[in-house]
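Below is one structure, written out as structure tokens; comments come after it.
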Amino acid sequence: MKPKTRAKHMNIVFWTSTAVITLLVLWGTVNPAGLSRWADTAYSFTTDAFGWFYLLSVLAIVLFCFGLAVSKYGRIKLGRDDEKPKYSYFAWIGMLFSTGFGAGLVFWGIAEPMSHFANTPTGMEGYSPEAGRQAMQYSFFNWGVHQWSVFTIVGLALAYFQFRKREGRMISDTLNPVIGKSGKKPLRNAINILAVIATVLGVATSVGMGILQINGGLNYVFDVPQNTLFLLIITGGLLLLYLTSALTGLDKGIKILSTLNLSLAIGLILVVLFLGPTQFILEALALGMGDYIQNFFGMSLGLSPYDGNTWSKGWTVGYWAWVLAWSPFVGTFIARISKGRTIREFVFGVLIVPPFIAVVWIAVFGGTALYMDLFQQTNIAGAVQNDVTSALFATFDNFPVSTVLSVTFILLIVTFLVTSADSATFVLGMMTTNGDPNPGNLVKVIWGVLMSAIVAVLIISSGLQGLQTASLVAALPFTVILLLMGVSLFKTIRADEAVPVEAEKMAETAEEGLQENIEVYKAAPRKKKVTYPGAVRGHQ
């Protein structure tokens, strides 16, 4: 009888990551204040000591991705040369948009510019026209190409090694040219475990924050109580929705929901654009884009060592830490859906289109809120200062169809959260089954239930904020890993492209030699053929 084998998800990456996550959740449950203090201390140290490193690293990644796309290597396909993309461009962008942004863009699309409007990045007077212009500029920057460059480099490296090289699908596999293809198993396991922990904590805290916003929206619109019971009911409902989606597979659940998300988002943009101050929105969009491009490098490295301004560390460095910690999840999913696209198409599709949608979103919704405060004497910025979850609904109070818009936005938040959680169960299944591109339903259910349990426990214990801050600590080691991934990817592409060139030269040389031999043969004198009778009669 053959010995019974373990389920393929029961490996050291699975067990170690679940153990660490369980310990953190228990800490957040038993002593949420203690976890929050520790996480704040650790995060403050990393951002204070290494804020410059985050900013330089992310800028380097932006330049690397653009440089690779416009170079001769941009034509290389992520797969065989004859492979075609599996998903339509709209479905592909929809999945990128839904997974990369989650509910964060809905949450911050108004809240962030209004926060900067009240407390400006450079210390100028708040609530002024100049403050509104600067608020839009920095909101564009924080949700622009820098954020998506981190997802781009992870997804590109994984897709290249999976589909072009036909190698492994784990984060550690992309570092083979740097650390070697064999050995160093403890290092490989540590990298993969860190990726799983960052993904679980990041998704769990994002889902938790989204649940708080859903409850806040229902309270604002329908006077539903904001308490633990309703938060748990919402959590249970989301669990059922995203497990249903996860069990239908990538080509149905996630694809359909992502297309719905993108369609809803575009529809809401158009409705608010035409119902709101259209001319102001379009002018704010154009001016904000100009300010963004003009001040691109200044904002990219915008620290304040001389005057002690902490805005950049509190916002930009915090954002970069979040996307760096979030990158294993988003990058793995993006790689999985991008087979058959060229490097150039991948980079411009991931690095340009979703950030552009985000910029338009902020211009439409944030611009509407700024217009109302500047010219209609509303106090949306004040409402945001009191309760950041109220920004969206306080703005819609000034529209003639406020209830319809608010309900539609609550639906959009729900579909975003379901898509993010669904994608996360898929990615975690891959990460803990040695890169299985189609993880089984059992492992997806395990991770789906575990994430909901984490959210529920932390909502009850009020430990969600501490766990969110703790997840950002993973950003520092992951920054180093991402930079090594870039080096590894470039080395591999250069080496792979050199091989066909050498082979072509050898073929050309061989062909020239063959042609020369043919010419010599043709020019050589021929001997007269002699036929002997005996050869014909008896010796054939």
Side-chain angles (χ1 to χ4, degrees), residues 61 63-96 99-100 148-149 151-178 181 249-251 254-255 258 330-354 426-427 430 434-438 482 484-515:
I61 292 170
L63 298 177
F64 173 80
C65 291
F66 274 123
L68 195 63
V70 300
S71 73
K72 63 180 181 179
Y73 304 126
R75 59 181 169 75
I76 298 172
K77 274 203 172 182
L78 301 174
R80 295 190 303 271
D81 289 337
D82 60 344
E83 282 185 306
K84 303 294 183 184
K86 183 175 182 179
Y87 301 102
S88 70
Y89 196 76
F90 189 83
W92 183 56
I93 292 298
M95 287 190 275
L96 298 179
T99 305
W148 278 84
S149 70
F151 304 149
T152 302
I153 194 169
V154 177
L156 184 59
L158 284 166
Y160 189 86
F161 282 94
Q162 284 180 54
F163 305 130
R164 188 76 179 180
K165 299 288 289 179
R166 296 296 195 269
E167 294 184 4
R169 301 177 178 88
M170 305 294 285
I171 295 289
S172 59
D173 293 323
T174 65
L175 301 177
N176 285 341
V178 176
K181 287 190 176 182
L250 181 64
D251 295 335
I254 296 177
K255 178 183 175 182
S258 298
V330 180
T332 300
F333 184 78
I334 290 174
R336 177 64 178 79
I337 63 174
S338 300
K339 184 178 182 180
R341 300 193 182 274
T342 65
I343 288 177
R344 185 171 295 121
E345 185 181 9
F346 180 95
V347 170
F348 285 114
V350 178
L351 197 53
I352 298 297
V353 180
F426 180 87
V427 169
M430 286 183 63
N434 297 319
D436 185 351
N438 295 295
L482 259 63
L484 291 176
M485 287 174 76
V487 173
S488 175
L489 177 63
F490 189 65
K491 285 181 63 176
T492 305
I493 290 174
R494 282 187 61 188
D496 289 349
E497 285 298 286
V499 171
V501 171
E502 294 300 324
E504 188 176 340
K505 286 182 178 178
M506 291 174 64
E508 288 176 358
T509 302
E511 186 176 352
E512 289 173 0
L514 178 63
Q515 189 64 35

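One-based numbering along the sequence shown.
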Roughly how far apart are I171 CD1 and L158 CG, rounded to 0.5 Å?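 Answer rounded to 0.5 Å: 4.5 Å.
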Rounded to the nearest 0.5 Å, what separation is found between the CD1 atom of I343 and the OH atom of Y73?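 Going from the CD1 atom of I343 to the OH atom of Y73 covers 10.0 Å.
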Between [X] and [Y], is any pair of side-chain heavy atoms under 4.5 Å apart?
X	Y	answer
L156	L78	yes
N176	S488	no
T152	F346	yes
F161	P177	yes

Between L68 and V347, does the side chain to side chain contact (heavy atoms under 4.5 Å, CB included) criterion hold? Intermediate values first, please. CA-CA 8 Å; L68 195 63; V347 170; 5.5 Å; no
Relative to each other, are the rings of F490 and F64 parallel, tilted or perpendicular (30° and 60° limits)?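 Geometry flag for F64 against F490: perpendicular rings.
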Please assess M430 against F333 for the test side chain to side chain contact (heavy atoms under 4.5 Å, CB included), listing each intermediate value before the final yes or no. CA-CA 10 Å; M430 286 183 63; F333 184 78; over 6 Å; no
Before giving the answer on side chain to side chain contact (heavy atoms under 4.5 Å, CB included), spell out for V427 and T99 the whole-Å C-alpha distance, their side-chain angles and the decisive distance to 0.1 Å. CA-CA 11 Å; V427 169; T99 305; over 6 Å; no
Which of these passes side-chain hydrogen bond (donor to acceptor under 3.5 Å, both in side chains) with R164: D81, T492, D496?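 Only one option passes, and that is D81.
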Stepwise, does the side chain to side chain contact (heavy atoms under 4.5 Å, CB included) test hold for Y89 with V353? CA-CA 11 Å; Y89 196 76; V353 180; 3.6 Å; yes
Going through the checks in order, is the salt bridge (charged side-chain N to carboxylate O under 4.0 Å, His left out) test met by E83 and K77? CA-CA 8 Å; E83 282 185 306; K77 274 203 172 182; over 6 Å; no
